[in-house]
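To start, the structure itself, in structure tokens.
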Amino acid sequence: MVEKKVKVNPLTFLNLYSLLSFITGEDLTNVREIELRDVEVEIDKLEIVIRPVRLVRPQPKPKVEEKPREEAKVEAKPEAVSIEVKPTVEEKRELPKIEVELVPIGLPPAPEIELVELPQPKVSWKGKINTVKVGATREEGGTREVVYILGGQKAPQLYAGPHEFHKPVMTMDVFDMKIPLPRAVKMMVGEDVLDNPPEWAKRCVEKFGADMISLHLISTDPKIKDTPPKEAVKVVEEVLQAVKVPLFIGGSGNPKKDTELFKEISERFAGERLLLSPVTLDMKLDEVIPAIKKGGHAVVASVTMNIDQARQLTRKLLTWLTPNDIAIDLYAAGIGYGWEYAFSAMERARLAAFSGDTELQYPAIGAASNAWGAREAWMKMDPFWGPREIRGPLWEIITALSLVMIGIDLILSLHPLTVKVVKDVCERLSCVAPSKDDVDDYRSWLSKPITVEV
Amino acid sequence: MPRITKLTPIQIYRLLPKTNCKACGEESCMAFAIKLLNLQTSIEKCKPLIENPKYRKNYEELKKLLRPAIREIVIGRDEKSVKIGGEYVMHRHELTFMRKTVIAVTIEDTMKQETIDSRLDLVKKFRFEYLDKVLTLDAVAVKYSSGDPERFVKVFEYVRSRINKPLVVVSLHPKVYEKLGDLLKEERPLIYAATRENWHIISDYAKKFDCPLTVLHEGDPKYLISLANAIRKRGIEDICIDPGAMPRCLGYAVKTATTFRWLACNEDCELVGYPIVTSTVPIWMSDLEYNMKLILEACLASVLIIRYASLLIMYSPEAVTYLPVTVLRENYYSDPRRPTTIQPGLKEIGRPNELSPVLVTCNYALTYSIVTSDLEKGKVDAYLLVIDTEGYAVDVSVAADKFRPEKIAELIKETGIEGKVKHRYLVIPGKAAKLAGSIEEATGWKVIVGPVDSSDLPNFIEKQWKKLVEGLQSGS
């Protein structure tokens, strides 16, 4: 900061740096940023020409060219003008951009306004979401180094009222066999691990920042490979060895086969506190749930966008389980493919839960990976709609964020970018009290031109 | 509970003329009352109520009764206009949302000619066919960045001559509005924005030229509303508010918008019932890499659409940012009381030929989306006959007698599918299996019962259909 009063007349300088060097009396050749405060410039005419000029020794002819498209003229009468100079990194030693003040200065002061009383919203909730622990440490009888508590929130996500942001646990999908995957996913995950579940899982946790792994044993599907349960557990074992985070285990969706599979897994990995999915109304619950309970695992009660069925199922499950063993999955459809039905079902279930409906007060699971069912996510389209390498993950990310906005506790995704971006946006969402910097940040686009480097 | 959902048709009916004159197009005043309550018609359709002075009081009372929680505001003029706000409820399942979030794409007055043209092209070319609709971008925001109000006016004039969309003027500088002058009156753009510093001047222009005005104040909901209130006291009614969608503190905008919406909808608090106008442009001021900005802007926009933004000023130069956002918006604002349907008819999947299978499904949009997606994923070439089941899914429509064999027969005639394929086989959904006989009878085609789940269709066609076709070919 320099404070100085200078009178210059007449005013002709090659560039702003030389003008500012003159004013400050300093060598500014290597200066990145100059801020002028309380500067009054009394001039008849100030002409600022914005154009990329290399910062070199003075040219023989210090003449200013006029190029209508690239210049901005400020005709300043005896009035305050403030100029910010900020060379961007990309332009290295080129002449900095000149940013003209777009926010008015010297307006007559605004009159005082009367402050109104803003009523406090009368929002109160009778219920809260149960907590369900997933994973178990050595002390708890498992082998995990980290465990998560799903649920526990007392109000809908970022609602009216004093409650804090509820962050989801992000899990990444791994399959027990090579399956057709969208190109964007294959490229980012890496072809080399797609037939190697433990390595795939390891990469998800170590490289992509997944909190958990959702291992889908789809090869057990009678219509696919019909892998026997005794065989299928080997992959679970390998993945448990490879990563130290809790596991979500997905079956084939075949009620009969999943019954056998979950019984086998429950016994084999007793104490690990796996999250087993899906548990559905058409399974023989009295056969499978006691085994799951005995192994100390948790379940995902799954229905398709039907709240009554969700109630019915959780009610039945309480015959064997405690409220702290159950999560629900109402089915999360991807955007464009029934998303609105899924969203409203989940939203209604949550509002009912907080209003006191105990049969719905369970942590919720949502598979954002369903978004890949949308053709817009994986299809090659006219270049106008952007490359599928961006469009695809974006489809999954937006679906995932809609789940975050309902307060879903565990989100499944397939693309590495989803975990990264959703976590980033959650950081942004968790801030509800802005600092002065945040405010300035928002205003920045109004006080400066927007420059985009492609 | 929202005010509107507490009303009964009788409360509305007693304020109507009760003459059953049918001028509104309804059979009776009661029918009109029910439609009013469902927000499917407007009070102004009742001519006697408007024209006859003796109903004046009733009209006023009715207007008050049916007043939306979030006021409705028109941006632009005539065919170049768009409405925002006019909302009644907080959650779409409570009734329906009314006016989908308007997306305004930013053009700066410092942009080169080519850049301006390419932005305009983006807005014009953005037409995405989704189910039976075409998704578009709705408005253009012209931003003052040059420091030269005359230049701004030139760019504004250029933009308005080139595109038939409502406009937003983005400038905190009163000079811009002074220079725009009568253009403001002609175009009626949304002004963005009046702030703590400039509101006394900007609001005069909004009033003089009858433009809707956005009030911007970040970080303090009470001051924001006080400012809006002060401006309203100066006789300006069309006000929007921006609590500031600060990229690093997004939770604040979400929470503030949600609190306001709650107060307006559930506590009848008129003080906060303004449409929310905010911007995702600040993400472009960050030093993230380009692709990340494309993605993050879509993220911010989606979150803000879910939490009550009525208009978003956006910047991305690429359609990829807007595509998922417009799809989400379409879904969110769809009327939950009506199943989304698609037009019945013949759809081609892939490149079907004369030996491709002819599949039958219902016209429930969700079913249709899933079936087509499954077929496309399986790279199947087929004809899909979509029959009118009044928007019911297959199982429901079979149970409710809406999956009617005679409709399939009609559709076969109407679409001329008989001339497109050499065979006479229909594949019907597994869930409609019990109708196989009556469909054969009505159409004269042979029926093959397909899988229950459309995800099994590609496999089914690969195995069953191919075998059938081979049989057909060797037979002929």
Side-chain angles (χ1 to χ4, degrees), chain A residues 69 72-74 100 102-104 107 110-111 113-116 118-119 121-123 158-160 165 335-341 344 347-348 373-375 384-386 390-391 394-395 397-398 401-402 405 421 425 428-434 438-439 441-442 444-446 449-450 452-454, chain B residues 91-93 108 110 112 125 144-148 172-174 197-200 218-219 221-222 225-227 229-230 244 246-252 254-255 258-259 262-263 269 271 281-282 284-285 290-291 295 298-299 302-303 306 318-320 323-324 327-328 331 334 336 366 369 373 376:
Chain A
R69 256 193 213 151
K73 267 194 209 170
V74 178
V100 180
L102 301 175
V103 180
L107 289 180
I113 60 167
E114 179 201 340
L115 288 180
V116 296
L118 216 50
K122 295 183 206 66
V123 194
L158 289 173
Y159 216 71
F165 177 71
I335 52 167
Y337 287 75
W339 176 88
E340 66 273 39
Y341 304 97
S344 283
E347 191 178 48
R348 282 174 57 202
R375 63 193 127 166
F384 178 77
W385 302 108
I390 295 180
R391 204 182 336 113
L394 199 43
W395 225 259
I397 290 166
I398 301 296
L401 284 174
S402 73
M405 297 313 288
V421 175
V425 178
R428 298 168 187 275
L429 282 167
S430 64
C431 170
V432 293
D438 295 328
V439 171
D441 218 24
Y442 187 70
S444 66
W445 78 287
L446 296 168
I450 308 151
V452 179
E453 315 291 340
V454 182
Chain B
H91 304 286
R92 58 190 292 282
H93 66 258
E108 291 187 280
T110 41
K112 288 190 188 140
K125 267 178 76 180
Y144 178 60
S145 293
S146 65
D148 176 0
L172 301 183
H173 213 304
E197 298 81 23
N198 71 12
W199 69 274
H200 52 304
E218 307 94 323
K222 184 175 166 166
I225 295 300
S226 303
L227 200 50
N229 200 50
M246 293 157 262
R248 280 180 305 170
C249 192
L250 191 58
Y252 169 77
V254 168
K255 192 125 192 168
T258 307
T259 306
W262 168 278
L263 288 170
C269 176
L271 203 58
V281 182
W284 290 91
M285 307 303 287
Y290 180 73
N291 282 348
I295 289 170
C299 292
S302 304
V303 164
I306 290 175
E318 305 206 23
V320 73
L323 183 61
V327 170
L328 173 96
N331 287 171
S334 65
L366 180 52
S369 312
S373 171
E376 277 163 2

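With contacts defined as side-chain heavy-atom distances shorter than 4.5 Å, the pair A:Leu118/B:Pro221 qualifies. With contacts defined as side-chain heavy-atom distances shorter than 4.5 Å, the pair B:Leu366/A:Glu340 does not qualify. Side-chain contact between B:Val320 and A:Phe384 is absent, with no heavy-atom pair separated by less than 4.5 Å. The shortest side-chain heavy-atom distance between B:His173 and A:Val103 does not fall under the 4.5 Å cut-off. Side chains of A:Trp395 and B:Leu323 form a contact here, defined as non-hydrogen atoms less than 4.5 Å apart. With a 4.5 Å cut-off on side-chain heavy atoms, B:Cys249 and A:Val432 do not count as touching. Between A:Asp441 and B:Met285 the shortest side-chain heavy-atom distance does not fall below 4.5 Å. In this structure, the side chains of B:Leu271 and A:Val116 come closer than 4.5 Å at one or more pairs of heavy atoms.
Between A:Tyr159 and B:His91, the ring-plane angle classifies as parallel under the 30° and 60° cut-offs.
Separating the CD atom in B:Glu218 from the CG atom in A:Asp438 is a distance of 10.5 Å, to the nearest 0.5 Å. Put simply, CD1 on B:Ile295 and CZ on A:Arg391 are 12.5 Å apart, with the number rounded to the nearest 0.5 Å. Note that OH of A:Tyr442 is 14.5 Å distant from CZ of B:Arg248, once rounded to the nearest 0.5 Å. Considering OG of B:Ser145 and CG of A:Leu446, their distance stands at 9.0 Å, rounded to 0.5 Å. Distance check, rounded to the nearest 0.5 Å: OG of B:Ser146 to CG of A:Leu102 gives 7.5 Å.
Here A:Pro111 is the residue among A:Gly338, A:Gly386, A:Pro111 with the most heavy-atom pairs under 4.5 Å with chain B. Options B:Gly219, B:Ser334, B:Cys299, B:Ala298 differ in how many heavy-atom pairs under 4.5 Å they form with chain A, and the most are formed by B:Cys299. The candidate with the highest count of non-hydrogen atom pairs below 4.5 Å against chain B, out of A:Cys431, A:Ser402, A:Ser444, is A:Cys431. Of the listed residues (B:Asn291, B:Asn198, B:Thr258), the one with the most heavy-atom contacts under 4.5 Å to chain A is B:Thr258. The greatest number of non-hydrogen atom pairs below 4.5 Å with chain B, out of A:Gly373, A:Pro434, A:Ser430, is found for A:Pro434.
For a residue to count as touching a neighbouring chain, one of its non-hydrogen atoms must lie under 4.5 Å from one of that chain's; by this rule A:Val439 touches chain B with backbone and side chain alike. The part of B:Cys269 that comes within reach of chain A is its side chain, from C-beta onward, which places non-hydrogen atoms under 4.5 angstrom from that chain. Looking at A:Leu115, the atoms closer than 4.5 Å to chain B (heavy atoms on both sides) sit in the backbone and in the side chain alike. Of the two parts of B:Pro336, neither the backbone nor the side chain holds a non-hydrogen atom closer than 4.5 Å to a non-hydrogen atom of chain A. The contact between B:Ala230 and chain A is made entirely by side chain atoms (from C-beta outward), counting heavy-atom distances below 4.5 Å. At a 4.5 Å heavy-atom cutoff, the contact between B:Leu328 and chain A is made by backbone and side-chain atoms alike. With a threshold of 4.5 angstrom between heavy atoms, B:Ile225 approaches chain A through its backbone and through its side chain.
Closest approach of B:Glu197 and A:Ala110 over heavy atoms only: O-CB, 4.1 Å. Here the closest heavy-atom approach between residue A:Trp385 and residue B:Ala319 is recorded as CE3-CB, 4.0 Å. Here the closest non-hydrogen pair linking A:Pro104 and B:Pro174 is CG-CD, 3.7 Å. Taking all atoms of both residues into account, the shortest heavy-atom contact from A:Ile398 to B:Pro324 is CG1-CB, 4.1 Å. The heavy-atom pair separating B:Ser373 from A:Tyr337 by the smallest distance is CB-CE2, 3.7 Å. In terms of heavy atoms, B:Thr259 sits closest to A:Pro121 at CG2-CG, 3.7 Å.
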* **B:Trp199 and A:Ile113: CA distance, side-chain angles, deciding distance, side-chain contact (heavy atoms from CB on, under 4.5 Å) verdict** => CA-CA 11 Å; B:Trp199 69 274; A:Ile113 60 167; 3.2 Å; yes
* To do: Show the numbers, then the answer: is there a side-chain contact (heavy atoms from CB on, under 4.5 Å) between B:Val254 and A:Leu429?
  => CA-CA 8 Å; B:Val254 168; A:Leu429 282 167; 3.9 Å; yes
* Between B:Val327 and A:Trp339, is a side-chain contact (heavy atoms from CB on, under 4.5 Å) present by the stated rule, with each step listed? -> CA-CA 10 Å; B:Val327 170; A:Trp339 176 88; over 6 Å; no
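Between the side chains of A:Ser344 and B:Arg92, at least one donor-acceptor pair of N or O atoms lies under 3.5 Å.
The neighbour count for B:Lys222 NZ, taken as heavy atoms of other residues, nucleotides or ligands under 6.0 Å away, is above 12. Other residues, nucleotides and ligands contribute over 12 non-hydrogen atoms within 6.0 Å of the CZ atom of A:Arg375.
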